[in-house]
There are 2 protein chains.
Amino acid sequence: MLDNLLNFINQFVDFNQNDLIAMQERIETIHLNKNDIFIHEGEIADRIAFTNKGYLRVYYNHEGEEITRDITPLHSFATALPSFVSQTPSFEIISAITECELIVIKRNDLEFLYSTFPKWERLGRRIIEEMFVESQRRIYSFITETAEIRYKRLLKQYPDMIRDVPLKYIADFLGIKLQSLSRLRKSIDW
Amino acid sequence: MLDNLLNFINQFVDFNQNDLIAMQERIETIHLNKNDIFIHEGEIADRIAFTNKGYLRVYYNHEGEEITRDITPLHSFATALPSFVSQTPSFEIISAITECELIVIKRNDLEFLYSTFPKWERLGRRIIEEMFVESQRRIYSFITETAEIRYKRLLKQYPDMIRDVPLKYIADFLGIKLQSLSRLRKSIDW
DNA sequence: AGTTTTATTTAACAAATGTTAAGTGCTTAA
DNA sequence: TTAAGCACTTAACATTTGTTAAATAAAACT
């Protein structure tokens, strides 16, 4: 059940039995149906999720339109971070693109783990470092690459995602309009 | 001398006298002239810098061209993070746009502080969290905003930067070509 | 099965940005 | 002080992406 999470964690730190037990007492697994919301707009994000199954998207309402900033890959962490770190109402919304199984930990519990086990604080830092590096990679990609190359790269990196995620979200993620993505898909000769 | 750094740190954690002393023993201040390189391509980044004075840029060689991904604002941290965290040769280069005064700490010393003082590990996590949030903000901006709006936003947030940083770097940062930025600047009616 | 909603495509035209090639003015260095 | 390089601008044309409005396809619902 926790295999995916443990594999993920072990990339960053070595967990022993105690660390695991401390964690298991503080997590819960929840199930979301398609379009269910994990973090609502205006809510103070006090939970973080590991996507054990399914895809979440992070978006916000921009002039009446939903803008999807992120589609979480399988086996990764997601929360509305600006709200989570500053405990202010979230402008970001997180909802389930597909059916999801999430391993969830509350902010308080996470803070407890951070404060009690230095290893946890380290884990948190390492994970966020990786997320930051990935985020910078995406910025390079916006600066130097055409939408077509970004699309091809996405296909290669997450082939499953294209199967399960509607193109309108993919288009947002790539920074272009749905119609442009459609045109682009047509023009690609493989 | 360390005022700016201490102010920055105190946004995130409360430092006492011991924390400060532990730090002061492990930092050094260096001076860079314009165009001096702080992290070379291929080097393993083992230092992180706080920009006490001046502007750094983070770039890499992309098909014969230098692509500037980041211009560090005053009083912020900079390193070639992918190299720094994984200790692999850096594809990113960091150099001084203007004369710079940097407060520098070595990776080993930082690791020592992380391991010895939980507060430091927390500080590291908090800082990187903020950097990540800022990075996500920039991604939203690439997705939803035109280059003109991104330019105006930059002007407003860092008015000094435009004075001291050549437009070619600003253009890269905004994700457009120098000539497009020039055209855009002309067409703005304030 | 039939109806409604959602997903995706298509097309014509508009707007934004890129490309190439010059030009101007400013700074730097022999 | 002149020559060289750098920073920035300009302009014409090309390409990419956006916009609007439909059409078709697929999925979800009753």
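Everything quoted here is computed from the prediction, not taken from an experiment. So you know, we letter chains A, B, ... as the sequences are listed, proteins then strands, and number each from 1.
The residue Leu178(A) sits close to a base: some heavy atom pair falls under 4.0 Å.
Heavy atoms only, all atoms of each residue included: Phe84(A) and Arg107(A) are closest at O-NE, 2.7 Å.
In terms of phosphate contacts, Ser182(B) brings a side-chain nitrogen or oxygen within less than 4.0 Å of OP1 or OP2 of dT9(D). Of the side-chain N and O atoms in Lys168(A), one or more sit less than 4.0 angstrom from OP1 or OP2 of dA7(C). Put simply, Thr146(B) has no side-chain N or O that comes within less than 4.0 Å of OP1 or OP2 on dA16(C). Remark: Arg185(B) is in phosphate contact with dT9(D), judged by side-chain N or O atoms under 4.0 Å from OP1 or OP2. Note on Lys186(B): every side-chain N or O is 4.0 Å or more away from OP1 and OP2 of dC8(D).
Across dA7(D), dA21(D), dG18(D), the shortest atom-to-atom separation from the side chain of Pro166(B) is found for dA7(D). Comparing dC8(D), dT17(C), dA21(D) against the side chain of Ala147(B) picks out dT17(C) as the nearest. The listed nucleotides are dA7(C), dA21(D), dT10(D); the one nearest the side chain of Gln179(A) is dA21(D). If you check dA21(C), dT8(C), dT10(C) against the side chain of Leu167(A), the one that comes closest is dT8(C). Residue Ile176(B) has its side chain nearest to dT17(C) when only dT17(C), dT17(D), dG18(D) are considered.
Under 3.5 Å, the side chains of Tyr59(B) and Arg69(B) contain no donor-acceptor pair of N or O atoms. Judged by distance alone, the side chains of Glu66(A) and Asn61(A) never bring a donor and an acceptor atom under 3.5 Å apart.
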Discussion item. Please determine whether side-chain contact (heavy atoms from CB on, under 4.5 Å) holds for the pair Asp46(B) and Asn108(B), giving the CA-CA distance in whole Å, both sets of side-chain angles, and the decisive distance to 0.1 Å.
Written reply: CA-CA 8 Å; Asp46(B) 74 337; Asn108(B) 287 343; over 6 Å; no
Worksheet item: What do the steps show when you test Asn4(A) against Phe50(A) for side-chain contact (heavy atoms from CB on, under 4.5 Å), and what is the final call?
Response: CA-CA 9 Å; Asn4(A) 293 321; Phe50(A) 178 82; 3.9 Å; yes
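The backbone N or O of Tyr140(A) lies less than 3.5 Å from a partner atom in the side chain of Thr144(A), making a donor-acceptor pair.
Along DNA chain C, the nucleotide nearest to Leu181(A) and the one nearest to Ile143(A) differ in position, and the one closer to the 5' end is contacted by Leu181(A). The residue among Leu184(A) and Val165(B) whose nearest nucleotide of DNA chain D is located toward the 5' end is Val165(B).
As rounded to whole Å, 17 Å separates atom C1' of dT17(C) from atom OH of Tyr151(B). The distance from atom CZ of Arg183(A) to atom C1' of dT19(D) is 10 Å, rounded to the nearest whole Å. Distance CG (Leu174(B)) to C1' (dG18(C)): 15 Å, rounded to an integer number of Å. Rounded to whole Å, atom P of dT20(D) lies 10 Å from atom NZ of Lys177(A). Following rounding to the nearest Å, Glu148(A) (CD) and dT17(C) (P) show an atom-to-atom distance of 20 Å. What separates CD1 of Ile162(A) from P of dA7(C) is a distance of 15 Å, to the nearest Å. In this structure, Phe142(A) places its CZ atom 14 Å from P of dG18(C), rounding to the nearest Å. When the C1' atom of dA7(D) is taken as reference, atom CG of Asp164(B) falls 15 Å away, rounded to whole Å.
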